[in-house]
> 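The structure's right below; bear with me while I get my questions together.
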There are 2 protein chains.
Amino acid sequence: MKALSQVGKYGLRALLYLVAYPPDSQYLSIRQISDDLGLSFHFVTKIFRELTEKGLLISYRGPSGGIALAKPAEEIMLLEVIKALEGDDYFDKCLIGLPHCGSAKPCPVHEFWKEVKTKLQHNFSETSLALLGEKIRTQEVRLDD
Amino acid sequence: MKALSQVGKYGLRALLYLVAYPPDSQYLSIRQISDDLGLSFHFVTKIFRELTEKGLLISYRGPSGGIALAKPAEEIMLLEVIKALEGDDYFDKCLIGLPHCGSAKPCPVHEFWKEVKTKLQHNFSETSLALLGEKIRTQEVRLDD
DNA sequence: CATATTTAAGACTATTTATTCCTAATTAAG
DNA sequence: CTTAATTAGGAATAAATAGTCTTAAATATG
């Protein structure tokens with residue numbers, strides 16, 4: 001199941017890197033993130049530009065510049081990140097693509113699919129980047145592979 | 001969340017039409033399905049060709065030809081259909097795309113994502129096309145929109 | 001001020017997915 | 001046997017997504 005686009009996958013991985021390995025200085029360079037994770041520098045830059053526009057990141061140009069979280073990792077929930085990367089309507093889509101599917105005009109799998117999406121949203125809205133960063137730092141989980 | 005490709009969405013909708021509105025004769029023509037659902041005839045034909053190759057459908061050419069289920073709708077579970085349409089590895093993918101993600105090398109969301117996929121697989125493996133077809137016929141749910 | 005480092009912006013290219021189209025093969029029916 | 005109605009096969013086209021590249025702008029530092 002391809003639930004995230006490449007933008008979503010790379011963006012999330014890169015953000016988690018930033019959270020898991022925060023720099024001593026104020027900003028972490030995109031180059032370090034992309035090199036360390038083996039992702040395309042240009043592609044990550046493009047993704048981060050969007051996250052900066054949306055207010056999730058702040059960026060700073062010039063030597064020792066880079067990007068940083070716009071607010072504490074404790075306050076950034078996965079839900080916000082995924083919506084920023086995939087679009088605000090991410091959890092509103094009908095599984096089989098019926099544009100007016102809803103409780104009034106449910107498609108054959110509407111109820112079940114709604115349950116699944118609710119579970120996802122609920123979990124994502126309670127999972128902070130800080131928590132995941134900590135799990136990465138303690139090597140309970142991994143970001144590379 | 002775009003969980004299914006267009007092939008998956010259209011294929012599932014077309015199959016459900018066949019189950020919900022079985023023809024008096026042995027075969028239902030693709031033209032009728034695509035016209036009724038407002039889908040591209042050629043695209044549905046291509047999708048059905050694949051399902052025929054995979055043994056889910058049988059087809060018959062010539063006048064009063066068309067397609068039919070290869071086995072009773074009671075015996076075809078959603079899981080089988082989705083795997084046929086989207087690939088057998090549909091439920092094996094890491095959310096953030098790490099190729100070796102698994103219990104040995106879990107990504108930061110591995111456990112939760114596994115739960116979600118298990119729930120999906122479980123439900124899909126217990127939902128038959130016959131059940132959904134019946135719900136459509138009784139207008140409890142809808143296929144068009 | 002000159003240079004090096006970094007992100008910003010957006011054009012460009014490549015790849016994948018989606019969709020259409022044309023021709024062939026099959027078969028029923030007159 | 002001819003015609004019409006179908007699906008089969010696969011080429012061709014279009015659109016969306018993914019990824020690369022080049023140039024500009026900002027800024028620190030010597």
Side-chain angles (χ1 to χ4, degrees), chain A residues 1-15 18 23 25-70 85-87 90 93 96-97, chain B residues 1-15 18 23 25-70 85-87 90 93 96-97:
Chain A
M1 180 166 36
K2 196 191 147 187
L4 294 179
S5 66
Q6 295 292 83
V7 167
K9 290 175 189 168
Y10 292 173
L12 187 47
R13 284 161 69 180
L15 267 187
L18 171 62
S25 50
Q26 195 175 356
Y27 298 102
L28 182 59
S29 78
I30 298 175
R31 178 68 68 183
Q32 183 181 335
I33 298 174
S34 59
D35 279 3
D36 250 38
L37 292 179
L39 304 177
S40 151
F41 164 74
H42 289 292
F43 200 23
V44 174
T45 298
K46 185 186 264 191
I47 296 168
F48 274 177
R49 238 166 30 221
E50 219 180 303
L51 293 179
T52 300
E53 265 174 27
K54 295 191 177 171
L56 226 73
L57 293 177
I58 52 183
S59 66
Y60 197 85
R61 293 194 252 194
S64 76
I67 51 97
L69 295 177
L85 290 166
E86 297 285 336
Y90 184 70
K93 304 284 185 61
I96 61 173
Chain B
M1 181 168 34
K2 195 191 147 187
L4 295 179
S5 67
Q6 295 292 79
V7 168
K9 290 176 191 168
Y10 292 173
L12 187 46
R13 283 161 69 180
L15 266 187
L18 170 63
S25 51
Q26 196 174 356
Y27 298 103
L28 182 59
S29 78
I30 298 175
R31 178 67 69 179
Q32 182 181 337
I33 299 174
S34 60
D35 280 3
D36 250 38
L37 292 179
L39 304 177
S40 150
F41 165 75
H42 290 293
F43 200 22
V44 174
T45 297
K46 183 185 263 188
I47 296 169
F48 274 178
R49 242 171 20 227
E50 220 182 302
L51 293 180
T52 300
E53 264 174 26
K54 294 191 177 169
L56 225 71
L57 292 177
I58 52 182
S59 66
Y60 196 84
R61 292 195 253 195
S64 75
I67 51 95
L69 294 178
L85 290 166
E86 297 285 336
Y90 184 70
K93 306 284 187 56
I96 62 173

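Heavy-atom basis, side chains included; hydrogens, waters and symmetry copies ignored.
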> How many Å lie between CD1 on A:Ile47 and C1' on D:dG19, as a whole number?
10 Å
> Do the side chain of B:Arg31 and the base of D:dA5 come within less than 3.5 angstrom through a donor-acceptor pair of N or O atoms?
no
> Just the rounded figure in Å: distance from C1' of D:dT22 to CZ of A:Phe43.
18 Å
> Backbone N or O of A:Leu4 within a donor-acceptor pair of the A:Glu86 side chain at under 3.5 Å?
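No, A:Glu86 side chain to A:Leu4 backbone: no donor-acceptor pair under 3.5 Å.
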> Would you classify A:Tyr60 as touching base, sugar-phosphate or nothing, given that sugar-phosphate means primed atoms plus P, OP1 and OP2, and contacts are heavy atoms under 4.0 Å?
sugar-phosphate
> Between A:Leu57 and A:Leu69, is a side-chain contact (heavy atoms from CB on, under 4.5 Å) present by the stated rule, with each step listed?
CA-CA 5 Å; A:Leu57 293 177; A:Leu69 295 177; 3.9 Å; yes
> Just checking B:Ser40: base, sugar-phosphate only, or nothing, at a heavy-atom cut-off of under 4.0 Å?
sugar-phosphate
> Please evaluate residues A:Ile33 and A:Leu39 with respect to the criterion side-chain contact (heavy atoms from CB on, under 4.5 Å), reporting the C-alpha separation (whole Å), side-chain torsions for both, the decisive distance (0.1 Å), and the verdict.
CA-CA 8 Å; A:Ile33 298 174; A:Leu39 304 177; 5.8 Å; no
> Checking only heavy atoms, does the side chain of B:Lys46 share a donor-acceptor pair with the base of D:dG10 at less than 3.5 Å?
no
> Tell me the interatomic distance from A:Arg49, atom CZ, to D:dA26, atom C1', rounded to whole angstroms.
15 Å
> Nearest-Å distance, CG (A:Leu28) to P (C:dT7)?
9 Å
> Quick one: on DNA chain D, does B:Gly65 or A:Ser5 contact a more 5' nucleotide (nearest heavy atom)?
B:Gly65
> If you find the nucleotide of DNA chain C closest to A:Glu53 and the one closest to B:Val7, which residue's nucleotide is nearer the 5' end?
A:Glu53
> Which is more 5' along DNA chain C, the nucleotide nearest A:Lys2 or the one nearest A:Phe48? Just name the residue.
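Result: A:Phe48.
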> Applying a 4.0 Å non-hydrogen cut-off, can you work out what A:Tyr10 is touching in the nucleic acid: base, sugar-phosphate, or nothing?
sugar-phosphate
> Whole Å only: how far is the CD atom of A:Gln26 from the C1' atom of C:dT6?
14 Å
> Specify whether B:Phe43 and B:Tyr10 have parallel, tilted or perpendicular ring planes, treating 30° as the upper limit for parallel and 60° as the lower limit for perpendicular.
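Perpendicular, since the angle between the ring planes exceeds 60°.
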> Starting from P on D:dA25, measure out to CZ on A:Arg61 and report it in whole angstrom.
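So the two atoms are 9 Å apart, to the nearest Å.
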> Whole angstroms only, please: what is the CG-C1' distance between A:Leu51 and C:dT7?
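Nearest whole value for this atom pair: 14 Å.
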> If I take atom CG in residue B:Leu39 and atom C1' in nucleotide C:dA18, what distance separates them, rounded to the nearest angstrom?
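Computing the B:Leu39:CG to C:dA18:C1' distance gives 13 Å.
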> Would B:Lys54 and B:Glu50 pass as an ion pair if we require N to O under 4.0 Å?
yes
> Mapping A:Ser64 and B:Ser59 onto DNA chain D by nearest heavy atom, which one lands closer to the 5' end?
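In this pair, the answer is B:Ser59.
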> Can you figure out which of D:dA5, D:dT20, D:dA28 approaches the side chain of A:His42 most closely?
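It is D:dT20.
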